[in-house]
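See structure below.
Residue numbers run from 1 in the order of the sequence given.
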Amino acid sequence: MKKNIIAMNASIMIGLGSILAAPSVYAESISDLEKQKESIQEQRSGVESNISDTEKKIDSLQDKQMTAEDQIAAIEAKIAESAKKIDAKNAEITQTKKEIEALKEEIKVLKERIAKRNEVLKERALSFQETGGDVNYLEVLFGSSSFGDLVDRVGAVATIAEADRDILKQHELDKKDLEEKQKAVETKLASLEVAKAELLEIQKQQKQQKQEKDALVKKLKQQTEKHEHEKMGLEEEKANLAAQEKAIKSAISLEHQRLAELEAARKKAAAEAKKRAEQEAAQAAAQAASQAASQASESKKQSTSSGYSAKSNSSSSSSPASSNVSQAPAVSSGTFTRPSAGYVSSTMGERWNKQHAGIDIAASGTVPVVAAADGVVSRSYFSSSYGNVIFVTHSIGGQQWTTVYAHLSSRQASEGAVVAKGQQIGIMGNTGHSYGQHLHFELHKGPWNYSKSNAVNPLNYIPN
């Protein structure tokens, strides 16, 4: 009997030992979660620093862009001024060409006049050759019939000689005037052409400068857009890290709650076990005393044996009846279960010159999407790229995981919700940057980040 009591107490102590050992396991889990929370906080700090650096780059680029645009405005003003000067030179050139055309007409008349004078002079020269020069004049003089006629003839000869001298003098003046006018107009036209060429060259350089500044502004705008896109991604990463930190805190709270419940259950179980042990020990002692008394008073009778009945506590566990959801995949026994029914239409890897950080599962009709593992919903929102998307944070064996469920037609789990493996969280859809109904599923070993550097191939972890 004493051996039975010792064995019973040993069994109770083993049970208590198991209960007492349990909190250390959960304490280790909380420690892991705290480390994950600290890691996320460090990453958030790093992301915030990157956002600050990106904002500084954007501000610097915008300042350079404004400076370049001011320079372009100044160059455009110079180009406009050069254009005005070129127009003025063109007008002067046009006027000068008109003057040249008018001068050509004058020159034509002058040339005709000179040609006629040349003919007269040729006749004079021919007369001199034929008569010996002065003979002609002597004949005129000696051929006079009277003194008066002689006087008249002398005056006529003098007049003719004077006319010849005038013709020669005017001839020289006209030729000189013609040469001067031609030279002046040609010099003026050449000067205008040179000035116009210089203005055109200046304008060409100004237009080249404007093209260079336009190219610079375009480049600065592209760089600004790139950094603004990076900033948006970093801000989204920051929001996701904040949500994951919140989810980890929720998980820590749940672990503390579970630990408190476990400690209460342990104390209750210990008290009940102690009470049962005392009751069973008292009952065993009473039975032993009863047996001794019975044997002493009835030594000649056949002793009867009495047994004792030990109370046993039975516990029953019930699992919640899972609702049969149409086309929902069966929950697998691995770490992660398949998030939806359908076929894999696109695998992880490079696609359209970009990294496809997950897999696409396609199916028609109303297709439920389920949580791939137990976890806490860190984000549930509408994204311009992901569409309706849900992020779930998991802590499995001290390792943080993040699953992403994108392009949903509807979301059935809100931020902070605790979800179980295989629990429906949405319906497959075609929202965001999507072509055709499918589920875009990502698995990250660690937190989600903008560069998706923690992404792993889901096909290596979920059933095919």
Side-chain angles (χ1 to χ4, degrees), residues 40 43-44 46-48 50-55 57-59 61-62 220-247 339-340 342 345-363 366-369 371-372 375-393 402-417 419 425-444 446-455 458:
I40 289 174
Q43 291 180 56
R44 277 186 64 190
V47 169
E48 288 172 353
N50 290 336
I51 290 173
S52 177
D53 291 341
T54 304
E55 286 175 344
K57 290 178 182 178
I58 291 172
D59 291 341
L61 288 169
Q62 288 176 340
L220 290 171
K221 285 182 178 179
Q222 289 174 344
Q223 290 177 344
T224 301
E225 289 175 358
K226 177 185 176 183
H227 287 304
E228 285 177 345
H229 184 70
E230 289 177 356
K231 180 185 173 184
M232 289 176 61
L234 289 169
E235 286 176 343
E236 185 173 5
E237 182 178 351
K238 177 184 174 182
N240 279 324
L241 287 171
Q244 289 181 15
E245 182 181 350
K246 184 178 179 181
S340 76
S345 60
S346 182
T347 57
M348 183 176 177
E350 188 172 342
R351 186 179 71 174
W352 303 329
N353 296 323
K354 292 179 67 178
Q355 180 67 17
H356 188 231
I359 62 171
D360 292 343
I361 302 175
T366 303
V367 184
V369 174
V376 179
V377 176
S378 54
R379 293 206 75 187
S380 178
Y381 70 114
F382 184 86
S383 162
S384 59
S385 56
Y386 279 138
N388 280 314
V389 61
I390 292 176
F391 287 71
V392 179
T393 298
T402 306
T403 51
V404 181
Y405 313 78
H407 307 313
L408 304 174
S409 64
S410 64
R411 292 174 278 116
Q412 299 173 359
S414 58
E415 292 184 9
V419 294
I425 58 175
I427 300 292
M428 185 185 292
N430 186 29
T431 57
H433 190 62
S434 169
Y435 301 96
Q437 178 172 295
H438 71 283
L439 168 68
H440 175 75
F441 177 70
E442 295 178 11
L443 178 61
H444 300 261
W448 181 96
N449 56 49
Y450 174 66
S451 61
K452 301 183 181 180
S453 59
N454 292 332

Within this structure, what is the [atom1]-[atom2] distance for the pair [X] and [Y], rounded to the nearest 0.5 Å?
| X | Y | atom1 | atom2 | value |
| --- | --- | --- | --- | --- |
| Ile58 | Glu230 | CD1 | CD | 8.5 Å |
| Leu439 | Ile359 | CG | CD1 | 7.5 Å |
| Asp360 | His438 | CG | NE2 | 3.5 Å |
| His444 | Thr393 | NE2 | OG1 | 11.0 Å |
| Glu55 | Glu235 | CD | CD | 7.0 Å |
| Met428 | Ser410 | CE | OG | 12.0 Å |

Parallel, tilted or perpendicular, judged at 30° and 60°: which one describes the rings of His356 and His440?
tilted

Name the orientation class of the two ring planes belonging to Tyr386 and Phe391 (parallel below 30°, tilted from 30 to 60°, perpendicular beyond 60°).
perpendicular

Exercise: identify the closest heavy-atom pair between [X] and [Y]:
| X | Y | result |
| --- | --- | --- |
| Ile361 | Pro339 | CD1-CG, 4.0 Å |
| Ser409 | Asn388 | O-ND2, 3.5 Å |
| Val419 | Ala413 | CG1-CB, 4.4 Å |
| Pro368 | Ser340 | O-CB, 3.6 Å |
| Val389 | Arg411 | O-CD, 3.5 Å |
| Leu234 | Val47 | O-CG1, 3.3 Å |

Side chain proximity check, Gln412 to Ile427, heavy atoms < 4.5 angstrom:
yes

Residue pair Trp448 / Glu442, side-chain heavy-atom distance below 4.5 Å:
yes

Donor-acceptor pair, [X] side chain versus [Y] backbone, under 3.5 Å?
| X | Y | result |
| --- | --- | --- |
| Thr431 | Leu408 | yes |
| Asn454 | Pro447 | yes |
| Tyr405 | Ala372 | yes |
| Ser52 | Glu48 | no |
| Gln437 | Ala362 | no |

Determine, using ring centers only, whether Tyr435 and His433 are less than 6.0 Å apart.
yes

